[in-house]
Visitor: 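The structure that follows is given in the form of structure tokens.
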Amino acid sequence: MIAALSTPPPEPPQLRDIAPPIDVFPYPPWMVAVAAIVALLLVGALVWLIVRAVRNRPAPAPPTPRSIAFRALQELRGQVRQSAPYAFSIAVSDVLRTFLSAEYRVRATQQTSPEFLAAIAQSVKFEDTDRKLLGDFLDRCDLIKFARIDADIGDSERLLESAVAFVQGGKQASPESADRTSL
């Protein structure tokens, strides 16, 4: 027994190191090629749809006669102090007459003021307030243009305000003009 105790214990068996992982791609090459082709086709179809949508986009609506007149009157507002009252009255009158011709389908640019006022006197397109506003505007404008009264910047500003008031408050004013702020 004593001899059995003197012998050294047996050594534990040596553990071998673990082998490193082996890279194994889970998909065969033909499957990768098909997936790549499908992805390219999808991207190409998406690009084609986007280009087609951009090309077929409807054009923006043309500006209304009312918005054209507002823009022109706003530009004239910046010129009221630099322009002579005679030239300014012609410019404001042209804007308003062009607006009337386009919006109400009347021959405002081809008639004198009395002819125009007589033509709209019985028209259902204009209310009494519209006729009065136009009459006052055309009378003041004609005094400056034809009677050559001594007008000043205040007269030009009043002409502009009359034109703006008519364009804003016409009987057939569009909803967009009701939302607009004053020039």
Visitor: Honestly curious: do Leu73 and Ile153 fall in one hydrophobic cluster under the side-chain, below-4.5 Å linking rule?
Guide: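 No, Leu73 and Ile153 fall in different hydrophobic clusters.
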
Visitor: Report the C-alpha separation of Arg81 and Glu157 in whole Å, then their side-chain angles, then the decisive distance to 0.1 Å, and conclude whether the salt bridge (charged side-chain N to carboxylate O under 4.0 Å, His left out) test is met.
Guide: CA-CA 9 Å; Arg81 298 215 182 270; Glu157 288 173 344; 3.2 Å; yes

Visitor: From Leu138 CG over to Ser162 OG, what is the distance, rounded to the nearest 0.5 angstrom?
Guide: 10.0 Å

Visitor: In a check of side chain to side chain contact (heavy atoms under 4.5 Å, CB included) between Ile37 and each of Leu40, Val34, Leu41, which one passes?
Guide: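 The passing option is Leu41.
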
Visitor: So Pro85 and Asp155, do their side chains get closer than 4.5 Å, heavy atoms only?
Guide: no

Visitor: Can you confirm whether the side chains of Thr64 and Ser67 place a donor and an acceptor under 3.5 Å from each other?
Guide: yes

Visitor: Testing the basics here: between Leu159 and Val92, what is the closest heavy-atom pair and its distance to 0.1 Å?
Guide: O-CG1, 4.0 Å

Visitor: Any side-chain heavy atom of Arg66 sitting closer than 4.5 Å to one from Arg71?
Guide: no

Visitor: Is Gln110 close to Phe116 at the side-chain level, that is, under 4.5 Å between some pair of heavy atoms?
Guide: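 Not touching, per the 4.5 Å side-chain cut-off.
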
Visitor: Between Leu100 and Phe126, is there a side-chain heavy-atom distance shorter than 4.5 Å?
Guide: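 Side-chain contact under 4.5 Å: yes.
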
Visitor: Before giving the answer on salt bridge (charged side-chain N to carboxylate O under 4.0 Å, His left out), spell out for Glu161 and Arg77 the whole-Å C-alpha distance, their side-chain angles and the decisive distance to 0.1 Å.
Guide: CA-CA 9 Å; Glu161 293 307 319; Arg77 182 174 298 279; 2.9 Å; yes

Visitor: Measure from the side-chain N and O atoms of Arg105 to the backbone N and O of Ala102, and report whether any donor-acceptor pair falls under 3.5 Å.
Guide: yes

Visitor: Just wondering, more than 12 heavy atoms not from Asp150 lying within 6.0 Å of its CG?
Guide: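 No, not enclosed.
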
Visitor: Restricting to non-hydrogen atoms, name the atom on Arg131 and the atom on Asp128 that form the minimum distance, rounded to 0.1 Å.
Guide: NH1-OD1, 2.8 Å

Visitor: For the residue pair Ile144 and Ile90, establish whether any side-chain heavy-atom pair is separated by less than 4.5 Å.
Guide: no

Visitor: Measuring from Tyr86:OH to Arg148:CZ, what's the distance to the nearest 0.5 Å?
Guide: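 Output value for this atom pair is 4.0 Å.
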
Visitor: Under a single-linkage definition using a 4.5 Å side-chain heavy-atom cutoff for Ile, Leu, Val, Met, Phe, Trp and Tyr, are Trp30 and Tyr27 assigned to the same hydrophobic cluster?
Guide: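 The answer is yes; both residues are in one hydrophobic cluster.
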
Visitor: Under 3.5 Å, is there a donor-acceptor pair linking the side chains of Arg97 and Ser113?
Guide: yes

Visitor: CG/Asp130 to OH/Tyr104 distance, rounded to the nearest 0.5 angstrom?
Guide: 5.5 Å

Visitor: Give a yes-or-no answer on whether the side chains of Arg107 and Ser101 include a donor-acceptor pair shorter than 3.5 Å.
Guide: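 The answer is no; no qualifying pair exists.
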
Visitor: Asp136 side chain to Leu133 main-chain N or O, any donor-acceptor pair under 3.5 Å?
Guide: no

Visitor: When hydrophobic residues are tied together by side-chain contacts of less than 4.5 Å, even through go-betweens, does Trp48 share a cluster with Leu46?
Guide: no

Visitor: Would a distance-only check, ignoring hydrogens and angles, find a side-chain to backbone donor-acceptor pair under 3.5 Å from Glu115 to Thr112?
Guide: yes

Visitor: Ignoring hydrogens, what is the shortest heavy-atom contact between Cys141 and Ser89? Give both atom names and the distance.
Guide: SG-O, 3.3 Å

Visitor: Quick check: is Ile50 connected to Val43 through a chain of hydrophobic side chains (ILVMFWY, heavy atoms under 4.5 Å apart)?
Guide: no

Visitor: In terms of relative ring orientation, are Phe166 and Phe99 parallel, tilted or perpendicular, with 30° and 60° separating the classes?
Guide: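 Perpendicular: the ring planes of Phe166 and Phe99 meet at over 60°.
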
Visitor: Stepwise, does the side chain to side chain contact (heavy atoms under 4.5 Å, CB included) test hold for Leu134 with Leu96?
Guide: CA-CA 9 Å; Leu134 281 172; Leu96 189 60; 3.9 Å; yes

Visitor: When you compare the side chain of Leu160 with that of Phe88, does any pair of heavy atoms fall below 4.5 Å?
Guide: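 Sidechains of Leu160 and Phe88: in contact.
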
Visitor: Under 6.0 Å from the CD atom of Gln122, do we count more than 12 heavy atoms belonging to anything else shown?
Guide: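 Check fails, neighbour count at 12 or below.
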
